[in-house]
Enquirer: 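What follows is a structure written as structure tokens; I'll ask about it next.
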2 protein chains.
Amino acid sequence: MDMNDALNAFSALSQKTRLDVFRLLINVGPEGMSAGDIAEVLDVRQNTMSANLSVLLQAGLVRNEREGRSIRYFADLDGTRELLTFLMADCCGGHPELCAQAIEAIACRK
Amino acid sequence: MDMNDALNAFSALSQKTRLDVFRLLINVGPEGMSAGDIAEVLDVRQNTMSANLSVLLQAGLVRNEREGRSIRYFADLDGTRELLTFLMADCCGGHPELCAQAIEAIACRK
DNA sequence: AATTTATATCAATATATCATGAATTATGGA
DNA sequence: TCCATAATTCATGATATATTGATATAAATT
């Protein structure tokens with residue numbers, strides 16, 4: 001994860017459809033969802049969604065797997081972790097406790 | 001933090017100078033840094049930096065305080081926490097342990 | 001092999017964003 | 001009050017990005 005990777009990732013997340021997709025995939029978890037279902041659920045045209053999925057893929061925020069005729073997409077938690085680590089690296093000038101609060105609260109809710 | 005706030009924040013972070021600024025301010029911690037010093041350290045023109053600081057401010061990623069003639073900027077950890085929480089909310093379809101790894105690693109290094 | 005379903009790619013237009021130079025506001029000092 | 005310093009605002013040209021309709025690829029079914 002270098003500066004360019006991070007810029008690509010944040011750029012990917014700065015568009016409504018793509019942020020919706022990422023959060024949807026974060027939400028559905030390991031089951032993932034097919035490209036077509038994602039487009040239908042979010043009410044976005046097929047080719048527009050394909051382009052947006054491609055951007056998220058390039059950004060390392062989602063993975064995909066072919067499954068017969070469909071392609072199933074998943075949130076990429078490794079890529080996500082790398083991005084967040086890059087963002088918050090070396091924080092608070094050697095006093096990590098100061099920004100611990102910013103991280104603690106990202107607890108996953110049931 | 002709603003969808004629009006999050007889009008503004010990610011959009012703010014998707015530009016090199018602004019991502020540099022945010023990480024710089026995360027790094028220097030509670031001491032913050034004046035607008036002029038930020039521009040000098042990152043070798044960006046003063047008005048360009050001003051515009052970029054304004055974007056980060058609107059996005060809730062940095063705060064500022066007037067200090068005599070200078071204006072001192074700080075990373076806004078509350079805003080940052082809200083953004084990351086929004087991004088990762090309700091993750092893994094009720095199995096939070098699955099994405100705990102993505103969050104754990106954002107430990108602050110000394 | 002022809003058809004259907006699922007997804008991706010292409011070219012074009014429309015929209016948004018960036019950095020810059022010039023001008024402006026705000027604070028502190030002579 | 002006049003000047004210097006610090007930062008912001010404005011208008012503009014250049015660049016980048018998004019969506020769309022049309023088309024292409026890829027896999028499964030008949």
Side-chain angles (χ1 to χ4, degrees), chain A residues 3-25 28 31-76, chain B residues 3-25 28 31-76:
Chain A
M3 172 61 64
N4 261 340
D5 296 333
L7 289 173
N8 281 335
F10 286 124
S11 173
L13 293 173
S14 69
Q15 201 269 354
K16 177 167 183 347
T17 298
R18 291 192 299 256
L19 185 50
D20 279 337
V21 170
F22 181 80
R23 295 178 77 225
L24 175 61
L25 291 178
V28 301
E31 289 163 32
M33 191 180 284
S34 74
D37 286 352
I38 295 171
E40 197 181 357
V41 167
L42 297 181
D43 193 26
V44 171
R45 284 168 196 249
Q46 183 267 321
N47 58 352
T48 298
M49 182 55 78
S50 178
N52 282 319
L53 286 171
S54 169
V55 171
L56 286 167
L57 205 56
Q58 289 300 318
L61 291 166
V62 307
R63 294 179 294 111
N64 65 10
E65 269 175 30
R66 182 167 279 278
E67 190 176 283
R69 285 195 278 217
S70 303
I71 296 183
R72 185 169 289 264
Y73 282 82
F74 311 84
D76 186 333
Chain B
M3 173 58 65
N4 262 340
D5 296 333
L7 289 173
N8 281 335
F10 286 124
S11 173
L13 292 173
S14 69
Q15 201 268 353
K16 178 169 183 349
T17 299
R18 292 193 298 257
L19 184 50
D20 279 338
V21 169
F22 181 80
R23 296 179 76 226
L24 175 62
L25 291 178
V28 300
E31 289 163 31
M33 191 179 285
S34 74
D37 285 352
I38 295 171
E40 197 181 358
V41 167
L42 297 181
D43 192 27
V44 172
R45 286 171 194 245
Q46 189 260 328
N47 59 351
T48 296
M49 183 54 78
S50 178
N52 282 319
L53 286 170
S54 170
V55 171
L56 286 167
L57 205 56
Q58 289 299 318
L61 291 166
V62 306
R63 295 179 295 111
N64 65 9
E65 269 175 32
R66 182 167 277 280
E67 191 177 282
R69 285 195 277 217
S70 302
I71 295 184
R72 185 170 288 266
Y73 282 82
F74 311 85
D76 186 333

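These numbers come from the heavy atoms of this one structure, side chains and all, not from hydrogens, waters or symmetry mates. Note on naming: letters A, B, ... go to the chains in the order of the sequence lines (proteins, then strands), and numbering restarts at 1 for each one.
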Enquirer: Provide, to the nearest angstrom, the distance between the CZ atom belonging to A:R18 and the C1' atom belonging to D:dT19.
Expert: 12 Å
Enquirer: Starting from P on D:dA28, measure out to CD1 on A:I71 and report it in whole angstrom.
Expert: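 It is 11 Å, rounded to the nearest whole Å.
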Enquirer: Between C:dT5 atom C1' and A:E40 atom CD, what is the distance in whole Å?
Expert: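 Taking CD of A:E40 and C1' of C:dT5, I get 14 Å after rounding.
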Enquirer: With a 4.0 Å cutoff (strictly under), does any side-chain N or O of A:Q15 reach OP1 or OP2 of D:dT19?
Expert: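 True: A:Q15 side-chain N/O within range (under 4.0 Å) of D:dT19 OP1/OP2.
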Enquirer: Check whether any side-chain nitrogen or oxygen of B:N52 sits under 4.0 Å from OP1 or OP2 of C:dT17, and answer yes or no.
Expert: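 No.
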Enquirer: What nucleotide among D:dA26, C:dA8, D:dT8 has an atom nearest to a side-chain atom of A:L53?
Expert: C:dA8
Enquirer: Strictly below 4.0 Å: does B:Y73 bring a side-chain N or O up to OP1 or OP2 of D:dA6?
Expert: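 Indeed not, no polar side-chain atom of B:Y73 lies that close.
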Enquirer: Please classify the nucleic acid contact of A:S34 as base, sugar-phosphate, or nothing, using heavy-atom distances under 4.0 Å.
Expert: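 Answer is sugar-phosphate: A:S34 comes under 4.0 Å of backbone atoms only.
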Enquirer: Measure the distance from CD on A:Q46 to C1' on D:dT25 and round it to the nearest whole Å.
Expert: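 Roughly 12 Å, once rounded to whole Å.
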Enquirer: Does the B:R66 side chain pair with the main chain of B:G68, one donor and one acceptor, at a distance under 3.5 Å?
Expert: yes
Enquirer: Nearest nucleotide by nearest heavy atom, which residue falls closer to the 5' end of DNA chain D, A:V44 or B:R69?
Expert: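 Nearest-nucleotide comparison on DNA chain D picks B:R69.
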Enquirer: Taking only side-chain nitrogens and oxygens of B:S50, does any of them come within less than 4.0 Å of OP1 or OP2 of D:dT8?
Expert: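 B:S50 to D:dT8 OP1/OP2: side-chain N or O found under 4.0 Å.
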Enquirer: To the nearest Å, give me how far apart CD (B:Q58) and P (C:dC18) are.
Expert: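 Distance check: B:Q58 CD to C:dC18 P gives 14 Å.
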Enquirer: Please determine if a side-chain N or O atom of B:T48 lies less than 4.0 Å away from the OP1 or OP2 oxygen of C:dT20.
Expert: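 Yes, because at least one side-chain N or O of B:T48 sits under 4.0 Å from OP1 or OP2 of C:dT20.
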Enquirer: Ignoring hydrogens and geometry, is there a side-chain-to-backbone donor-acceptor pair from B:S14 to B:S11 under 3.5 Å?
Expert: yes
Enquirer: Measuring to OP1 and OP2 of C:dG21, would you say a side-chain N or O of B:R45 lies under 4.0 angstrom away?
Expert: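 The answer is yes; a side-chain N or O of B:R45 sits under 4.0 Å from OP1 or OP2.
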Enquirer: Can you tell me how far P of D:dA6 sits from CD1 of B:I38, to the nearest Å?
Expert: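 B:I38 atom CD1 is separated from D:dA6 atom P by 14 Å.
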Enquirer: I need the CG-C1' distance between A:N8 and D:dT17, as an integer number of Å.
Expert: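 In whole Å, D:dT17 C1' lies 13 Å from A:N8 CG.
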Enquirer: Nearest whole angstrom, please: distance from the P of D:dT5 to the CD of B:E67.
Expert: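 Distance check: B:E67 CD to D:dT5 P gives 19 Å.
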